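Quantities reported herein were computed from a predicted structural model and do not represent experimental measurements. Proteins come first, then strands; the chains are lettered A, B, ... in the order of their sequence lines, and each starts at number 1.
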There are 2 protein chains.
Amino acid sequence: MKPDSQKIDEADIKLLSILQTDASVSLEELSSRTAMSANTAWRRIKRMEEAGIIAKRVALIDPEAVGLGMTVFVAIKTSDHSDEWLENFARSVSAIPEVVEFYRMSGDTDYLLKLLVASIADYDRVYKKLIRSAKLSDVSSSFAMETIKFTTAVPLRI
Amino acid sequence: MKPDSQKIDEADIKLLSILQTDASVSLEELSSRTAMSANTAWRRIKRMEEAGIIAKRVALIDPEAVGLGMTVFVAIKTSDHSDEWLENFARSVSAIPEVVEFYRMSGDTDYLLKLLVASIADYDRVYKKLIRSAKLSDVSSSFAMETIKFTTAVPLRI
DNA sequence: GTTGAAACCCGCTAGTA
DNA sequence: TACTAGCGGGTTTCAAC
């Protein structure tokens, strides 16, 4: 799966830049845009897929279009907990589909979650599920009024 | 682009669930997994693409694999600013590739950014770019120690 | 060993009943 | 909704450097 961390060169970055913006471009177009032959492009892509650099190809759904217009950030502080509590916490929270991002933080808050929900009522439903599943106490939520930018494109540099 | 907000039924949700997890599945496999003909699956997908429900197809890059192992959240508070300042702020911050998410918030913090950077030094570079581009004052950063969950799959429900 | 070109063949796309 | 035909593109192979 991860054969000794292959180095990525400029040509790879060109390919990745295109594919992480639009994965539906053909090898032909890819080759014309990168000044390499189609099967060189194909070989490089395949190598990066096998190396895990390209994790997967997905369809991105517009959350608004399916009625998920509300983004909520949930900050959680935990007082000392055992390892198994933490493990269980991570597992049960990860299993909630509305939790789309979940980080262990340094500083003030210990955990930060990003939720995608339909409405306040929907948020309340998920919130209850959340505190029930892990028996949390110190939880505070912030609501996003507007998503100014959201991209899955990572900042690639030479 | 958005012809009168078509309703999404269960069959559509089945398709979306698969495609938002793995967009590389063939129509044949899609049809066998959803009990609809390949042709029907294709037509539904095309309709959802045209309706903007499926926004795009992208390759997801593992940030760690390309040396972007650090996720930072930046909370910004603004004291009263003019409309044009706000507009310029949104535009210049959005243009920074390391800013992968950018929200206008309710409550304590006015804006929340998510950054993908390589290291502390890299973070510092982006931070400087940030405060220079929009002349910010009240900025506080929190570092993610661990990404427990990150998914682009939205919580689809019947 | 690495690169490019060309053939193969599968599967996407679209037209028709 | 199902069938079918065309064709575009991913995959493989082979030859050349």
ring-ring contact (aromatic ring centres under 6.0 Å, His included): pairs with one or both residues in residues 139-158 of chain A, sequence neighbours excluded: Tyr123(A)-Phe143(A)
Residue pairs, two or more places apart or on separate chains, that pass ring-ring contact (aromatic ring centres under 6.0 Å, His included) and touch residues 14-54 of chain A: none
Letter per nucleotide, 5' to 3', of nucleotides 1-14 of chain D [B base touched, S only sugar-phosphate touched, - untouched; heavy atoms, 4.0 Å]: -BB-----SSBBB-
Note: Lys14(B)-Asp9(B) ion pair, threshold 4.0 Å (strictly below): no
Lys77(A)/Asp110(A) ion pair, N-O < 4.0 Å: no
Nearest-Å distance for atom pair CZ/P, residues Arg47(A) and dT3(C): 10 Å
Sole residue of Val126(A), Leu68(A), Thr71(A) in side-chain contact (heavy atoms from CB on, under 4.5 Å) with Leu115(A): Val126(A)
